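Shown next, in structure tokens, is the structure this report addresses.
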Amino acid sequence: MTSADNLRAFKRDGRIVIVGASLAGLRAAEYLRDEGFTGSLTMIGDETGEPYDRPPLSKQVLTGWVPADGTMLPRRREIDAEWLLGVPAAGLDLATDNVRLADGREVPFDRVLIATGVRARPWFVESEAELDGVFVVRTREHAEGLQRALAAGPSRVLVIGAGFTGSEIASICRERDIPVTVAELAPAPLVGALGAMIGEVASDLQRAHGVDLRCGVKVTQLEGDGQGKLRRAHFDDGSTLDVDVAVVALGGIRNTEWLQGSGLAAGVWGIACDTGCRALDLNGLVTDDVFVAGDVARCPNPVYEYRLISLEHWANAVEQAEVAAHNMVNGQAERWPHLSIPTFWSIQFGVNIKSVGVPTFADEVVVTQGSVSEHRFVAAYGYQGRVTAAVSFNNAKWLDHYRRLIETAAHFPPSCPTPDQPVDSKPVPVDFPGPVLLAQGATVVVTGHNPSERRVTAAYQHHR
């Protein structure tokens with residue numbers, strides 16, 4: 001039987017398992033059916049409900065505009081899948097081609113797609129995290145609970161972490177005229193994702209809208225009232241703050257622990273893969289039957305020196321899902337690479353923030369259009385003399401222009417004329433924080449070069 005015959009047989013009768021029943025998993029399942037796969041398809045998810053959209057949770061749901069149960073992802077088509085929901089995956093055995101579930105069941109596969117995404121980083125003291133009034137925002141239930149708490153009119157909300165999620169939550173509090181304090185260990189909001197210059201703009205924006213912004217401080221304790229309800233927060237400068245609600249917005253944890261011992265190159269930054277979304281093993285070798293998509297993927301990008309990049313972007317999850325699905329059911333000659341330029345957006349304090357490219361892959365930044373003081377501008381990012389990203393505040397219509405500059409490795413600072421250029425704007429160092437803060441605040445993380453070709457073994461570090 002030829003390889004073409006084998007491929008046709010697989011598309012007709014093969015077994016594909018998708019671990020992760022969220023955006024990337026659902027879209028991959030739909031694309032697989034679009035590609036003519038008629039074999040068995042199994043969807044594994046740790047949540048009990050069917051896939052829903054996560055970006056509205058920290059935006060429309062918390063404002064009350066959209067109910068939490070109104071965030072279901074629209075279906076492009078029927079996928080005819082077996083759904084195994086409410087039980088997370090607990091292991092992957094590549095010797096027997098089985099996914100092991102937490103309840104002991106084993107699900108066999110011919111090819112598997114891993115799209116397990118990220119979960120919210122919890123408060124570090126479990127007893128304090130369980131206090132009534134302490135929240136994270138990642139799932140539909142999280143957003144629904146926090147929305148009810150905000151609707152009750154708390155006297156003050158504490159947001160721990162000033163990345164995109166934390167800043168959006170602070171914005172919603174001010175929209176609802178709720179007093180809010182934001183505590184951020186870094187020097188400014190958004191600094192882990194967009195650098196120090198934009199961080200200063202974000203600081204001014206928050207304070208102008210009445211946020212009690214405290215940077216360079218750490219929350220050390222969340223204190224209860226003896227009845228299990230939050231009443232006070234303690235800071236490392238010795239100060240305290242009475243609060244009714246605390247939202248822990250310290251970034252996400254990639255769901256890779258279940259892959260320990262699988263032989264895949266998986267860790268805290270995600271699962272390494274090639275541009276075709278095929279997972280790499282510990283030695284950096286491409287696997288044939290294991291694919292990765294979405295927030296959990298660590299993919300090399302040729303535009304960024306083939307460095308492995310982890311993205312927590314809606315559009316990236318959809319695009320990777322399509323590439324992975326196509327490559328799972330097509331031969332080597334017909335496979336696609338995932339080469340898109342990342343995009344991201346956020347709305348906070350009446351400002352529409354959009355980005356294209358990878359701002360964290362930069363050493364300089366310059367305002368190229370508009371006015372920083374009016375919070376209407378575009379900033380271009382550069383690395384060693386070429387354009388690598390751009391960020392806009394209420395000025396997104398030019399981002400396609402900057403995308404072309406990134407794709408063509410245009411000179412930085414950009415020399416091409418654009419309207420509304422500042423007269424005296426000059427490049428400044430982008431000034432990102434260290435890796436620990438970067439992990440908590442960024443939505444794009446450049447994590448290094450491809451794994452080496454030398455043989456390696458896994459060494460797991462155990463923390464107390």
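None of these values were measured; they are calculated from a predicted model.
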Which atoms form the tightest heavy-atom contact between Ala325 and Tyr31, and what is the distance? CB-CB, 3.6 Å

Atom CD of residue position Glu78 - does it have more than 12 heavy atoms of other residues, nucleotides or ligands inside 6.0 Å? no

Could you tell me if Glu35 and Asn330 have a donor-acceptor pair between their side chains, going purely by distance under 3.5 Å? yes

Audit row: Ser167, Gln206, side chain to side chain donor-acceptor pair (under 3.5 Å) steps and yes/no: CA-CA 8 Å; Ser167 297; Gln206 293 202 14; 3.2 Å; yes

Can you tell me if Glu47 and Thr139 form a side-chain donor-acceptor pair at under 3.5 Å? no

List the steps, then state whether side chain to side chain contact (heavy atoms under 4.5 Å, CB included) holds for Phe393 with Ile198. CA-CA 10 Å; Phe393 275 49; Ile198 303 298; 3.7 Å; yes

Looking only at atom types and distance, does a side-chain atom of Arg121 sit under 3.5 Å from a main-chain N or O of Leu250, one as donor and one as acceptor? yes

Would a distance-only check, ignoring hydrogens and angles, find a side-chain to backbone donor-acceptor pair under 3.5 Å from Ser425 to Val367? yes

Criterion ring-ring contact (aromatic ring centres under 6.0 Å, His included) on Phe164 and Phe344, from CA distance to verdict: CA-CA 11 Å; Phe164 283 106; Phe344 179 76; 4.5 Å; yes

For a 4.5 angstrom cut-off between non-hydrogen side-chain atoms, does Asp289 reach Leu94? no

With a 4.5 Å limit on heavy-atom distance, are the side chains of Glu184 and Val217 in contact? no

Which heavy atom of Phe109 sits nearest a heavy atom of Val17, and at what distance? CB-CG2, 3.6 Å

Would you say that Ile16 contacts Val112 through its side chain, given a criterion of any heavy-atom pair below 4.5 Å between the two side chains? no

Would you say that Val292 contacts Cys277 through its side chain, given a criterion of any heavy-atom pair below 4.5 Å between the two side chains? no

When the ring planes of Tyr304 and Phe361 are compared, do they come out parallel, tilted or perpendicular, using 30° and 60° as the limits? perpendicular

Mind running side chain to side chain donor-acceptor pair (under 3.5 Å) on Asp212 and Thr181 for me, showing each step along the way? CA-CA 4 Å; Asp212 172 28; Thr181 296; 2.8 Å; yes

Here the gap from Phe124 atom CZ to Ile160 atom CD1, rounded to the nearest 0.5 Å, amounts to 8.5 Å

Assess whether side chain to side chain donor-acceptor pair (under 3.5 Å) is satisfied between Asp363 and Gln384, documenting all intermediate values. CA-CA 7 Å; Asp363 50 25; Gln384 296 186 358; 5.3 Å; no

Can you tell if the side chain of Leu150 reaches within under 4.5 Å of the side chain of Ile178, non-hydrogen atoms only? yes

Got Asn301 and Leu308 here, is their nearest side-chain heavy-atom distance under 4.5 Å? no

Separation of Glu305 CD from Ile309 CD1 (nearest 0.5 Å): 10.0 Å

Indicate the atoms forming the closest heavy-atom contact of Arg207 with Leu213, along with that distance. NH2-O, 3.1 Å

For residues Arg76 and Arg27, determine if any side-chain heavy atom of one lies less than 4.5 Å from a side-chain heavy atom of the other. yes

Would you find a donor on one side and an acceptor on the other, under 3.5 Å apart, between the side chain of Asn352 and the backbone of Ile347? no

Within the distance-only criterion (no hydrogens, no angle test), does the side chain of Ser22 pair as donor or acceptor with the backbone N or O of Pro51 below 3.5 angstrom? no

Main chain of Trp269, side chain of Ser310: is a donor-acceptor contact present, judged purely on distance under 3.5 Å? yes

Indicate the atoms forming the closest heavy-atom contact of Phe412 with Pro427, along with that distance. CE2-CB, 4.0 Å

Rounded to the nearest 0.5 Å, the NE2 atom of His375 sits from the CG atom of Asn395 at a distance of 13.5 Å

Could you go through the side chain to side chain contact (heavy atoms under 4.5 Å, CB included) check for Tyr402 and Thr368 one step at a time? CA-CA 11 Å; Tyr402 290 92; Thr368 52; 2.7 Å; yes

For Leu194, which of Thr360, Val201, Val391, Val365 qualifies under side-chain contact (heavy atoms from CB on, under 4.5 Å)? Val391

For the atom pair OG1 (Thr275) and NE2 (His338), what is the distance rounded to the nearest 0.5 Å? 9.0 Å

Go through the steps to decide whether Arg298 and Ile271 satisfy the test side chain to side chain contact (heavy atoms under 4.5 Å, CB included), and finish with yes or no. CA-CA 5 Å; Arg298 235 179 124 211; Ile271 306 164; 5.8 Å; no

Between Glu312 and Arg254, is there a side-chain N and carboxylate O pair less than 4.0 Å apart? yes

Donor-acceptor pair, side chain of Asp431 and main chain of Gly195, under 3.5 angstrom: no

Report yes or no: is the cationic atom of Arg214 (NZ for Lys, CZ for Arg) under 6.0 Å from the centre of the six-membered ring of Phe235, at an angle within 45° of the ring normal? yes

Heavy-atom check, side chain of Val358 versus side chain of Thr388, under 4.5 Å: no

Check for a donor-acceptor pair, side chain of His142 on one end and backbone N or O of Arg138 on the other, with a separation under 3.5 Å. yes

Test log, rule salt bridge (charged side-chain N to carboxylate O under 4.0 Å, His left out), inputs Glu257 and Arg119: CA-CA 12 Å; Glu257 296 91 340; Arg119 64 186 184 275; 2.7 Å; yes

Determine the sole option in Ile114, Ile18, Val19 for which the side-chain contact (heavy atoms from CB on, under 4.5 Å) test with Val99 is passed. Val19

Return yes if some donor-acceptor pair links the side-chain N/O of Thr38 with the main-chain N/O of Lys11 below 3.5 Å, else return no. yes

I need the minimum non-hydrogen distance between Arg403 and Thr343, along with the two atoms involved. NH2-CG2, 3.2 Å

Once the angle between the rings of Phe10 and Phe37 is folded into 0 to 90°, is it parallel (under 30°), tilted (30 to 60°) or perpendicular (over 60°)? tilted

Gap separating the CG atom of Leu285 from the CZ atom of Arg278, nearest 0.5 angstrom: 11.0 Å

Audit row: Asp295, His313, side chain to side chain donor-acceptor pair (under 3.5 Å) steps and yes/no: CA-CA 7 Å; Asp295 296 354; His313 288 184; over 6 Å; no

Going through the checks in order, is the side chain to side chain contact (heavy atoms under 4.5 Å, CB included) test met by Asn316 and Val318? CA-CA 5 Å; Asn316 179 73; Val318 173; over 6 Å; no

Looking at Arg335 and Asp288, does any basic side-chain N land under 4.0 Å from a carboxylate oxygen? no

